[in-house]
Amino acid sequence: FSQDVSPIRIVKNPDGTMQRAALKQSAIAKERNEIKQQQQQELLDSIPKDLNRPWVDPMPDEGERHLAAELRGIGQSGFEMPEWKQASGLDQALSYGKTSKATMKQQRESLPIYQLRAQLVK
């Protein structure tokens with residue numbers, strides 16, 4: 001018994017739940033990006049514009065003098081590697097296996113199978 005099985009017809013349903021979920025998700029993602037961008041813009045607007053000019057305030061609040069130096073880099077996207085990654089040494093070149101000072105011939109002769117070489121070749 002073999003029956004001809006027709007392929008399932010794919011129907012586009014613009015009013016379906018998947019379509020509504022997709023529309024909602026794209027709207028939520030867009031809103032989230034706008035909020036993040038607005039927060040970043042507010043942060044940048046709150047920074048004094050002339051950071052190269054020395055502070056004129058004769059009695060600044062504690063920590064205010066080094067504030068300009070810290071704010072200079074804000075808004076620039078600099079990549080900072082996390083501490084755990086620096087400590088682990090993952091950013092350095094990888095080496096596989098043991099490194100040896102012996103020559104290739106000496107390494108080959110030190111293998112256990114090398115003594116059986118004559119018997120295997122026969």
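Residue numbers count from 1 along this sequence. Just so we're clear, the structure is a prediction, and the values are computed from it rather than from any experiment.
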Over all atoms of both residues, closest heavy-atom pair of Gln115 and Glu109: NE2-O, 4.1 Å
By side chain to side chain contact (heavy atoms under 4.5 Å, CB included), which residues pair with Gln106, not counting sequence neighbours? Ala102, Thr103
In this structure, OH of Tyr114 is separated from CD of Gln107 (nearest 0.5 Å) by 13.5 Å
Separation of Ile28 CD1 from Leu23 CG (nearest 0.5 Å): 11.0 Å
Test side chain to side chain contact (heavy atoms under 4.5 Å, CB included) applied to Gln38 and Glu42, Gln40, Gln41, Glu34, the passing residue: Glu42
CD1 on Ile35 to CD on Glu31, rounded to 0.5 Å: 5.0 Å
Got a sec, which residues hit side chain to side chain contact (heavy atoms under 4.5 Å, CB included) with Arg20, two or more places apart in sequence or on another chain? Thr17
More than 12 heavy atoms of other groups within 6.0 Å of Gln37 CD: no
